[in-house]
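Contents: one structure, followed by commentary.
Below, read A as the first sequence line, B as the second, and so on, with proteins coming before strands; counting in each chain starts at 1.
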Protein chains: 2
Amino acid sequence: MNHSEFLKSWLLHRLVTVELVDMLPEGKLDFKPWGGAMTLSKLVTHLMTSGFQFSQAVKQGAMGDSGEKPVFSSITDLKKYVHEITEQTKSTLTSLTDEDLEKFVDTSKVFGRDLPGKVLLSSMRDHEIHHKGQLFIYARMTGVQNPPFFVKMGL
Amino acid sequence: MNHSEFLKSWLLHRLVTVELVDMLPEGKLDFKPWGGAMTLSKLVTHLMTSGFQFSQAVKQGAMGDSGEKPVFSSITDLKKYVHEITEQTKSTLTSLTDEDLEKFVDTSKVFGRDLPGKVLLSSMRDHEIHHKGQLFIYARMTGVQNPPFFVKMGL
């Protein structure tokens, strides 16, 4: 898979994540389906910061930290952030070369060994699908109706 | 990705699905997190029959129906079924050749057009990750503690 094929295969899912976030109702930022779960706000933020962090790691050749975790006071702010960081992540992924996918990234602090860019990107995509699946349940439990299919068709 | 690489990349997730199913408590087959959701039993069965159906389609060159949907009277029976159909799916995937991944499968009745085996297999894997993510929430909401990480490490 080259870098443009990866970008498309990731967007098949990220576009659905964004669509689902845009449907979330106001007043449910702190919703959690069981006592120890991530809140709705934290689940979405975790998904977004991880995607950005992994794409940056492949670009820069080393895994940095995920940066300051944003805190939101309204679902409107969360939605705005999701659109912004999605554009930044997309921009980073668009700037990658096929060579970046083959190069080893310094991930020893996180994974105990260095990993090729393509392995990190594949993990990032799996992580997106995993948490998006969970977000569908959060969305349904907070009253969202007619959510999209889990993957974007016809892209 | 050749057929043995695919098998491994799918097992990274299926092995976790099986591990998680094995932790589910008795008496919760009909649990659902919101009114219109699939029951726990149906979610697991859907995941299993879809995986088997897609792997068979690639082997046989055409998508059949998903077969009779099994009904379970205990979580023990569901767990037994999950182990059995996982072995059958693994056996089918093991028997595939690299040529099977390139060949077009008759999927026109389901997707409106024929698709290469590798596209079907990739969709099957994404579908597994999506519903496994949801199964983590079902598991937590029915009292499972210390579930595994979402992907098998060190395989």
Distance from M141(A) atom CE to M141(B) atom CE, nearest 0.5 Å?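 The CE atom of M141(B) is 3.5 Å from CE of M141(A), to the nearest 0.5 Å.
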Among pairs that include at least one residue of residues 109-123 of chain A, which meet side-chain hydrogen bond (donor to acceptor under 3.5 Å, both in side chains), considering only residues two or more places apart or in two chains?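 Listed by first then second residue: E102(A)-K118(A).
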Given the options H130(B), H127(B), R125(B), which has more heavy-atom pairs under 4.5 Å with chain A than any of the others?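 Ranked by heavy-atom pairs under 4.5 Å with chain A, first place is H130(B).
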Are V119(A) and F111(A) connected, step by step, through hydrophobic side chains (Ile, Leu, Val, Met, Phe, Trp, Tyr) whose heavy atoms are closer than 4.5 Å?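 Yes, it is one cluster - the side chains of V119(A) and F111(A) are joined through contacts under 4.5 Å.
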Same cluster or not: F6(A) versus I129(A), using hydrophobic residues (I, L, V, M, F, W, Y) connected whenever any side-chain heavy atoms lie under 4.5 Å apart?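 No, because F6(A) and I129(A) fall into different hydrophobic clusters, even though each may have its own neighbours under 4.5 Å.
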Pull out the residues in residues 46-57 of chain B that come under 4.5 Å of chain A, heavy atom to heavy atom, sorted by number.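 Within residues 46-57 of chain B, no residue comes under 4.5 Å from chain A.
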Sequence neighbours left out, what passes side-chain contact (heavy atoms from CB on, under 4.5 Å) with V110(B)? Give chain and number order.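 Scan of V110(B) (side-chain contact (heavy atoms from CB on, under 4.5 Å), adjacent residues dropped) gives M63(B).
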Tell me if the NZ atom of K59(B) is crowded by more than 12 foreign heavy atoms within 6.0 Å.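 Yes, enclosed.
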Quick check: closest heavy atoms across D126(A) and H13(B), and the distance to 0.1 Å?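 For D126(A) versus H13(B), the nearest heavy atoms are OD2-NE2, 3.1 Å.
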With a strict 4.5 Å heavy-atom criterion, list every residue of residues 25-43 of chain A that contacts chain B, or say none.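 The residues closer than 4.5 Å to chain B, in numerical order, are P33(A), W34(A).
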